[in-house]
Amino acid sequence: MIKTDRLTKRFGGLAAVNDVSFEVKRSEIFGLIGPNGAGKTTVLNLIAGMIPPTEGKVWLEESDITNKSVSKIARMGLARTFQSPVLFEDETVKENLLNAWYLPKCFQPSSFLNTLFHDKSVGKIEIHNALEFVGLTEDEYQQAGALPYGKQKALNLAMAIVTSPNILLMDEPAAGLNSSEKVQLAELIRRLRSELNITILIVEHDMKLIMNVCDRIMALSAGQVIVVDEPDGVRNNPDVIEAYLGATYEFT
């Protein structure tokens with residue numbers, strides 16, 4: 001679903017991402033880990049088109065999306081969430097989902113007009129399904145900015161789901177969540193694949209979560225790939241332990 005070839009991003013003299021090549025397979029949950037400053041979020045931003053690469057290429061399925069706009073990449077089936085929820089805080093939960101559903105269509109005039117006059121019922125169904133999926137049905141008319149933090153992150157996920165993506169980039173979805181919310185998040189991530197057939201690339205610091213939900217994991221350090229392997233291989237890799245986990249780290 002995603003392939004990068006020697007992806008590099010320099011900011012001045014600093015290489016935030018340096019010669020990174022990897023593939024995310026269809027229906028895979030692929031993890032991306034590393035210390036702060038390793039280049040994880042920069043990789044997501046490069047894939048999503050939020051910043052251009054200095055060198056290298058990015059493919060979404062069979063299409064070269066290097067240097068394509070965020071809106072065009074989104075229309076090709078890619079969505080993302082952010083570490084801190086990006087919401088229309090003064091609007092209701094339902095209005096946030098309506099915005100997420102309508103806005104991508106604004107970049108395609110014929111599709112937008114068709115949506116306005118013919119597809120409203122489809123949108124209502126998709127919005128209801130997204131609310132139900134993340135457990136926010138009872139909060140439909142609540143102001144987004146007044147929701148507890150965990151529910152704001154759930155709404156951010158619902159806003160991505162309602163665009164019907166084929167692949168979802170998730171940037172630290174567990175950040176700021178309590179232990180029970182993290183358990184619920186892990187189950188949601190699994191259901192995104194099993195029920196919605198969404199391929200997932202997830203950046204996360206919570207090692208219990210990442211090891212339990214991912215099929216494969218890539219570890220980065222200083223913008224470079226340390227290893228790409230299954231969870232047990234990453235867990236026991238001495239270079240990962242030295243660069244990120246530490247010799248005394250315990251997966252509890």
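Keep in mind that the numbers below use all heavy atoms, side chains included, and drop hydrogens, waters and symmetry copies.
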Quiz item: Are K94 and E140 close enough for a salt bridge, meaning some N to O gap below 4.0 Å?
Solution: yes
Quiz item: If you measure from the Lys or Arg side-chain nitrogens to the Asp or Glu carboxylate oxygens, is any gap between R10 and E55 under 4.0 Å?
Solution: yes
Practice problem: Determine yes or no for a side-chain-to-main-chain donor-acceptor pair under 3.5 angstrom, with R193 supplying the side chain and S27 the backbone. | Solution: yes
Quiz item: Going by heavy atoms in the side chains, are F133 and I161 under 4.5 Å from each other?
Solution: yes
Quiz prompt | Minimum-distance pair of heavy atoms, taken over all atoms of Y149 and A175 | solution = CE2-O, 3.4 Å
Quiz prompt | Distance-minimising heavy-atom pair for I210 and G31 | solution = CD1-CA, 4.0 Å
Quiz item: Do the non-hydrogen side-chain atoms of P53 and N67 ever get within less than 4.5 Å of each other?
Solution: yes
Self-check item: OG-CE distance between S71 and M76, expressed to the nearest 0.5 angstrom
Solution: 11.5 Å
Quiz item: Is there a path of hydrophobic side-chain contacts, each under 4.5 Å between heavy atoms of I, L, V, M, F, W or Y residues, that connects L196 with L185?
Solution: yes
Quiz item: Can you find a pair of side-chain heavy atoms, one from P231 and one from V234, that are under 4.5 Å apart?
Solution: no
Quiz item: Does K40 use its side chain to pair, donor to acceptor, with the backbone of P35 at less than 3.5 Å?
Solution: yes
Practice problem: Would you indicate whether the side-chain heavy atoms of F30 and V228 approach each other to under 4.5 Å? | Solution: yes
Quiz item: Can you check whether V93 reaches L147 side chain to side chain, under 4.5 Å on heavy atoms?
Solution: yes
Quiz prompt | Verdict with reasoning, D206 to K182, per salt bridge (charged side-chain N to carboxylate O under 4.0 Å, His left out) | solution = CA-CA 9 Å; D206 188 299; K182 289 178 181 179; 2.9 Å; yes
Which donor-acceptor pairs under 3.5 Å do the side chains of residues 17-25 make with protein atoms, sequence neighbours left out?
from, atom 1, to, atom 2, distance (Å)
D19, OD1, R6, NE, 2.8
S21, OG, R6, N, 2.7

Quiz item: Are the side chain of K3 and the backbone N or O of D64 linked by a donor-acceptor pair below 3.5 Å?
Solution: no
Quiz item: With distance as the sole test, does N156 use its side chain to make a donor-acceptor pair with the main-chain N or O of Q152 at under 3.5 Å?
Solution: no
Quiz item: CD1 of I29 to CG of L192: how many Å apart, nearest 0.5 Å?
Solution: 8.0 Å
Exercise. Might you point out which heavy atoms bring T163 and A100 nearest each other, and give the distance in Å?
Key: CG2-O, 3.6 Å
Exercise. Give a yes or no on whether L177 and F82 share a hydrophobic cluster (residues Ile, Leu, Val, Met, Phe, Trp, Tyr; joining criterion: side-chain heavy atoms under 4.5 Å apart).
Key: no
Quiz item: Mind checking whether N237 and D229 have side chains closer than 4.5 Å, heavy atoms only?
Solution: no
Quiz item: Quick check: does any side chain N or O of E181 sit under 3.5 Å from a backbone N or O of N178, one acting as donor and the other as acceptor?
Solution: yes
Practice problem: With sequence neighbours excluded, tell me which residues meet salt bridge (Lys or Arg N to Asp or Glu O under 4.0 Å) with D232. | Solution: R235
Quiz item: Does N99 use its side chain to pair, donor to acceptor, with the backbone of E95 at less than 3.5 Å?
Solution: yes
Self-check item: Enclosure of E195 CD (heavy-atom neighbours >12, cutoff 6.0 Å)
Solution: yes
Quiz item: Does the distance from a Lys or Arg side-chain N to an Asp or Glu carboxylate O, for D139 and K151, drop under 4.0 Å?
Solution: yes
Quiz item: Is there a donor-acceptor pair under 3.5 Å between the side chain of T66 and the backbone N or O of K57?
Solution: no
Quiz item: When you measure from the side chain of K153 to the backbone N and O of Q83, does any donor-acceptor pair fall under 3.5 Å?
Solution: yes
Practice problem: Flag the pair E204 / I33 as yes when at least one side-chain heavy-atom distance between them is below 4.5 Å, and no otherwise. | Solution: no
Quiz prompt | Straight-line distance of E61 CD to I2 CD1, nearest 0.5 Å | solution = 10.0 Å
Exercise. Give, for atom OG1 of T81 and atom CG of L157, the distance between the pair rounded to the nearest 0.5 Å.
Key: 6.5 Å
Quiz item: Would M207 and M218 show up in the same hydrophobic cluster when neighbours are defined by side-chain heavy atoms closer than 4.5 Å?
Solution: no
Between side-chain atoms of residues 164-172 and protein atoms elsewhere (two or more places apart, or another chain), which donor-acceptor pairs fall under 3.5 Å?
from, atom 1, to, atom 2, distance (Å)
D171, OD1, T41, OG1, 3.4
D171, OD2, T41, OG1, 3.0
D171, OD2, R80, NH2, 3.4

Quiz prompt | Shared hydrophobic cluster for L14 and L46 (ILVMFWY, side-chain gaps under 4.5 Å) | solution = no
Quiz prompt | Inter-residue atom distance T54.OG1 - I51.CD1, 0.5 Å rounding | solution = 8.0 Å
Self-check item: More than 12 heavy atoms from other groups under 6.0 Å of CZ on R190
Solution: yes
Practice problem: Report yes if the side chains of I73 and I47 come closer than 4.5 Å at any heavy-atom pair, otherwise no. | Solution: no
